[in-house]
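Beneath this line is the structure, given in structure tokens, with notes to follow.
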Amino acid sequence: MNVDNDVEMAYIDTNPSRTLQGPPVVFMHGNPAYSYLWRNIIPHVSPKSRCIAPDLIGMGSSSKLPSDAYGWDSHNRYLDAFFSKIVGSGKVVLVLHDFGSLFGLNWARRHPEQVAGLVLMEFLPPMPTWKDTGELSEELHNALIGSPENLRKAIIDDNVFIELFMQDQVVRTLSPAELDHYRKPFLDPANRESLYEMSKMFPVAGNPPEVYQAVENYNSWLLENEIPKLFFWADPGKIMPLKLSNYYSENLKNVKSVPVGNAKHYLQEDHPHLIGNEIKGWMETTRI
């Protein structure tokens, strides 16, 4: 789909003819994933709901652009255009993870009348310090700390997000075929600019200011609104550790809180069938 001057956003659509009733369910991934992340969850939901899973710009099969095209304003502009063309002024259910929650909740806060439901897992909360971002393996931690030059080398040259982060944040062992699917969009180092630029956008300790402010804004909105919510949380989790999971389970309004058990950041890889069945059942019981 063309979202801006020949910039193409790829997406999965399980019901392009729009024959199914009810709001479409939009699955949004983060960094460094793409729509492949939802492959084992969507089949549980798609028999009764139109499921849509976009690849963020620079990710998956979407357009790869110069590094200066991956800023905060650009990502939001592309996503606004995507929603405008896909759902127009209709309602949607948003399934959000990682940076998908950053962009998705920012969109939802600005379009609350279109949000029929929110499904949240390892979403980005306000993180006042780097200690709030969760634990990493020593190898990955060492690769990502230090100067901006070190960070760029780790992501662009060493492809650390794909080669280390993906497996580090999944409890089970990803198969060679699964890892190859995650590698595929980023085999060319030139295509890793989006991963690097997104990592610089990670909102923590008040920076970047415009992104961190957006997180604080949608977090306040999230805690105040009565929109039906389904919240998956893991033990130990990563950016959503147990203490924070308990907080949101107790303080979100109109929420069903679902513990998935042992998982880190990528709950979708360790517990896809539980997540898929819960989304299906929740949509039925809440009559979304």
Side-chain angles (χ1 to χ4, degrees), residues 9-13 25-43 45 51-65 70 75 78-79 82 94-105 107 119-124 133-134 136-137 140 143-144 154-156 158-189 191-203 232 234 237-240 260 263-273 275-276 279:
M9 183 173 281
Y11 64 99
I12 293 168
D13 188 344
V25 184
V26 179
F27 296 77
M28 295 188 60
H29 69 86
N31 190 15
Y34 64 108
S35 54
Y36 178 73
L37 180 70
W38 305 107
R39 67 195 180 281
N40 294 319
I41 295 174
I42 286 176
V45 185
C51 295
I52 300 166
D55 294 341
L56 293 173
I57 296 299
M59 320 288 272
S61 298
S62 290
S63 294
K64 308 302 186 291
L65 305 174
Y70 294 125
H75 271 293
Y78 299 140
L79 192 62
F82 177 80
L94 299 176
V95 183
L96 306 174
H97 177 255
D98 191 82
F99 271 84
S101 71
L102 174 66
F103 302 122
L105 286 173
W107 182 88
V119 180
L120 306 166
M121 60 193 85
E122 280 284 300
F123 67 95
L124 295 184
T133 64
L136 294 172
S137 69
L140 189 55
L144 294 176
I155 295 174
I156 302 295
D158 301 334
N159 204 15
V160 68
F161 274 157
I162 301 296
E163 300 302 333
L164 286 179
F165 186 75
M166 287 301 304
Q167 182 59 76
D168 182 76
Q169 292 300 308
V170 178
V171 173
R172 70 179 179 87
T173 300
L174 293 169
S175 72
E178 289 171 325
L179 283 170
D180 282 345
H181 274 287
Y182 282 116
R183 290 185 181 110
K184 186 177 179 180
F186 309 110
L187 292 174
D188 184 348
N191 289 343
R192 299 170 194 163
E193 292 291 342
S194 59
L195 308 183
Y196 175 61
E197 293 300 322
M198 198 173 284
S199 72
K200 288 161 56 180
M201 201 188 302
F202 191 74
F232 294 101
K238 185 186 179 295
I239 57 176
M240 194 59 59
V260 302
K264 297 180 182 179
H265 187 53
Y266 293 106
L267 287 64
Q268 304 92 329
E269 290 294 352
D270 284 310
H271 304 284
H273 305 300
I275 292 171
I279 294 174

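What you see is a predicted model, and the numbers here were worked out from it, not measured in a lab.
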Roughly how far apart are Leu37 CG and His29 NE2, rounded to 0.5 Å?
8.5 Å
Rounded to the nearest 0.5 Å, what separation is found between the CG atom of Leu267 and the CE atom of Met240?
10.5 Å
Classify the ring geometry between His265 and His97 as parallel (under 30°), tilted (30 to 60°) or perpendicular (over 60°).
tilted
Quick check: closest heavy atoms across Gly58 and Ser194, and the distance to 0.1 Å?
O-OG, 2.8 Å
Answer yes or no: is there a donor N or O on one side and an acceptor on the other, between the side chain of Glu178 and the main chain of His181, under 3.5 Å?
no
Should Val119 and Phe232 be marked as a side chain to side chain contact (heavy atoms under 4.5 Å, CB included) after you check the CA-CA gap, both sets of side-chain angles, and the distance that decides it?
CA-CA 8 Å; Val119 180; Phe232 294 101; 3.6 Å; yes
The test is ring pair (Phe, Tyr, Trp, His ring centres under 6.0 Å); show your working for Phe186 and Phe161 and say whether it passes.
CA-CA 10 Å; Phe186 309 110; Phe161 274 157; 9.7 Å; no
Measuring only between side-chain heavy atoms, which start at C-beta, is Tyr70 closer than 4.5 Å to Met198?
no
How many angstroms lie between atom CG of Asn40 and atom NE2 of His271, to the nearest 0.5 angstrom?
13.0 Å
Any chance you could measure Ile162, atom CD1, to Arg183, atom CZ, to the nearest 0.5 Å?
8.5 Å
Once rounded to the nearest 0.5 Å, what's the spacing between atom CG of Leu120 and atom CG of Leu105?
6.0 Å
Check the pair His75, Leu102 against side chain to side chain contact (heavy atoms under 4.5 Å, CB included), reporting the backbone distance first and the verdict last.
CA-CA 10 Å; His75 271 293; Leu102 174 66; over 6 Å; no
Determine, step by step, whether Trp38 and Val95 satisfy the side chain to side chain contact (heavy atoms under 4.5 Å, CB included) criterion, reporting the C-alpha distance in whole Å, the side-chain angles of both residues, the deciding distance to 0.1 Å, and the verdict.
CA-CA 10 Å; Trp38 305 107; Val95 183; 3.8 Å; yes
Going through the distances and angles, do Ile155 and Tyr196 end up as a side chain to side chain contact (heavy atoms under 4.5 Å, CB included)?
CA-CA 6 Å; Ile155 295 174; Tyr196 175 61; 4.0 Å; yes
Side chains of Trp107 and Leu94 in contact at under 4.5 Å (non-hydrogen atoms):
yes
Closest non-hydrogen atoms of Gly30 and Met59, given as atom of the first, atom of the second and distance, are O-CE, 3.7 Å
Tyr78 versus Leu65: any side-chain heavy-atom pair under 4.5 Å?
yes
With the threshold set at 4.0 Å, does a side-chain nitrogen-carboxylate oxygen contact exist between Glu122 and Lys264?
no
Give a yes or no on whether the backbone of Leu124 and the side-chain of Ser101 come within a donor-acceptor separation of less than 3.5 Å.
yes
By the definition side-chain contact (heavy atoms from CB on, under 4.5 Å), identify the one residue from Leu187, Leu195, Asp188 that meets it with Asn191.
Asp188
Short question: side chain of Ser62, backbone of Ala10 - any donor-acceptor pair under 3.5 Å?
yes
Looking only at atom types and distance, does a side-chain atom of Asp270 sit under 3.5 Å from a main-chain N or O of Arg172, one as donor and one as acceptor?
yes
So, for Ser35 and Pro54, which heavy atoms are closest and what is the spacing to 0.1 Å?
CB-O, 4.2 Å
Residues Ile239 and Phe123: closest non-hydrogen pair is CD1-O, 3.7 Å
Parallel, tilted or perpendicular for Phe99 and Phe103, by the 30°/60° rule?
tilted
Could you tell me which non-hydrogen atom of Ile42 sits nearest to which non-hydrogen atom of Ala53, and how far apart they are?
CD1-CB, 4.0 Å
How many angstroms lie between OH in Tyr182 and CG in Asn159, if you round to the nearest 0.5 Å?
14.0 Å
Quick one: closest heavy-atom pair of Leu174 and Glu269, and the distance?
CD2-OE1, 3.8 Å
Between Asp55 (side chain) and Ser61 (backbone), is there a donor-acceptor pair under 3.5 Å?
yes
Is any side-chain heavy atom of Val260 closer than 4.5 Å to a side-chain heavy atom of Met121?
no
